[in-house]
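Protein chains get the first letters and strands the later ones, always in sequence-line order, with residue 1 at the start of each.
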Protein chains: 2
Amino acid sequence: MRATGVRKAMAAETEAALKEAARRQFAEHGYLNTKITDITTAAGRATGSFYEHFASKEDLLQALLADMHTQADGQIDLAEHAPHDLTDPDQIREHIAVAWDVMRDNRPVVTALFESALTEGPASGALWDRLAADTRIFREHLDYLREQGHDLPGDPALISAAMGGMLSILAYALVPTAQAGPCDQVTTGQRPGSPFTDREVIDSVAKLLLYGLAGPPR
Amino acid sequence: MRATGVRKAMAAETEAALKEAARRQFAEHGYLNTKITDITTAAGRATGSFYEHFASKEDLLQALLADMHTQADGQIDLAEHAPHDLTDPDQIREHIAVAWDVMRDNRPVVTALFESALTEGPASGALWDRLAADTRIFREHLDYLREQGHDLPGDPALISAAMGGMLSILAYALVPTAQAGPCDQVTTGQRPGSPFTDREVIDSVAKLLLYGLAGPPR
DNA sequence: GTCTATATACAGATAGAC
DNA sequence: GTCTATCTGTATATAGAC
């Protein structure tokens, strides 16, 4: 490795440190609340260094999103090998589970994108665009069901957005808790997390979306 | 009416003008984007006058919320005269319809509250608190169902939040459109509104939440 | 109460030494 | 590439005349 290679490696290290610090800050204080200096300080770098790697906070977020995509595509592709019938109990649960897991693994990014979409206001349609993009897969499956003559509760575009929106808002609102370990007597000083486990959320949402409040037919 | 009465009336008029201007600005540019000066300018008043009536933008929002509550309580009380069984198709549709109508009538306030809740970040739990507060009625109904031995898809607190969250996010994301009038050739220059009518949203969400994707039992 | 003018505060972004 | 120091823009909030 040449000398320039070492420099490159150090620069890459700084970039990684900034990204990691940003994820922590976004998760803890929210995307809107964290200042550029919060990120650089948390990463142990100077303010000016930030702009050597990213043009702005929004630019950094896009970089984090790209990272997430390359990582998430694997999980999704895996799930997509199964046939596509969202009215099958196992399959809808699997889809919800994958979506939820991706959201939890990338909670800082997901919540940040959520906040970012609201920055442009309700009239901009930015949130709708985001929902539409994030639920493309749901929508394709619903389109397929409709073609099969299945009687959906409404337009696939609307239903898939509603489903995805429900998941997104829950992912944002449900603050993660130390998940039911043997030693959860040890409490951090912070606000108590949501009382729901990931499994409980996935099961509940899957059931609700499959059978609704009426429950499965007897 | 005394002279002071006239002054009071003028002051009240200014306050009303500020509120109305704020609603317009919130709807058009979003809560976070609108500056105090945007509101005062739109209301045709000076910047300094704002603080004679409200301590801050957040304070103004709370005032708008109070207005909304006094107005909405009527609609809700009306609906609450009916018995409580969310697994009855007519009743769940009615509940969704009332919630949706209140949101649409107060869209500027609802969307502003939504943005405001995100200001504090995901870890604050502010959004969860808001969801819990806004879906209290749903939750009570679900608690009741559970007591009756009905098999719900999950914990009432979680399910009601999921239902309310779905409605909230749709209310934010679905930008209102001139609703199917005879002369909708006349397009404003702005972004095309959502292709869904209020009725379509209400019907679709009600069906989804009652029977899920599987649809009603045959 | 309302206005104009201004003070305060701070985040985003840049300049230039090393 | 990284640092320190600084500049700029802008939103909030206040001061003081009317």
Expressed in angstrom and rounded to an integer, what is the separation of [X] atom [atom1] from [N] atom [atom2]?
X: A/L60; N: C/dA13; atom1: CG; atom2: C1'; value: 15 Å
X: A/I39; N: C/dA11; atom1: CD1; atom2: C1'; value: 12 Å
X: A/H53; N: C/dA13; atom1: NE2; atom2: P; value: 16 Å
X: B/E15; N: C/dT2; atom1: CD; atom2: C1'; value: 14 Å
X: A/K57; N: C/dA13; atom1: NZ; atom2: C1'; value: 14 Å
X: B/K35; N: D/dA13; atom1: NZ; atom2: C1'; value: 15 Å
X: A/I36; N: C/dC10; atom1: CD1; atom2: P; value: 17 Å
X: B/F50; N: C/dA5; atom1: CZ; atom2: P; value: 21 Å

Closest nucleotide among [options] to the [X] side chain:
X: A/S56; options: D/dT4, C/dT2, C/dA13; value: C/dA13
X: B/T14; options: C/dA11, C/dT2, D/dT2; value: C/dT2
X: A/A46; options: C/dA13, C/dC3, D/dC3; value: D/dC3
X: B/R45; options: C/dA11, D/dT2, C/dT2; value: C/dT2
X: B/Y51; options: C/dA11, D/dT12, C/dT2; value: D/dT12
X: B/S49; options: C/dG1, C/dC3, D/dA11; value: C/dC3
X: A/E52; options: C/dG12, D/dC3, D/dG1; value: D/dG1

Where the side chain of [X] meets the backbone of [Y], is there a donor-acceptor pair that is under 3.5 Å apart?
X: A/K57; Y: A/Y31; value: yes
X: B/N33; Y: A/T119; value: yes
X: A/T111; Y: A/P108; value: yes
X: A/Q91; Y: A/L86; value: no

Which pair of heavy atoms, one from B/G121 and one from A/E115, lies closest together, and at what distance?
->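 Between these two residues, the closest heavy atoms are CA-OE2, 4.0 Å.
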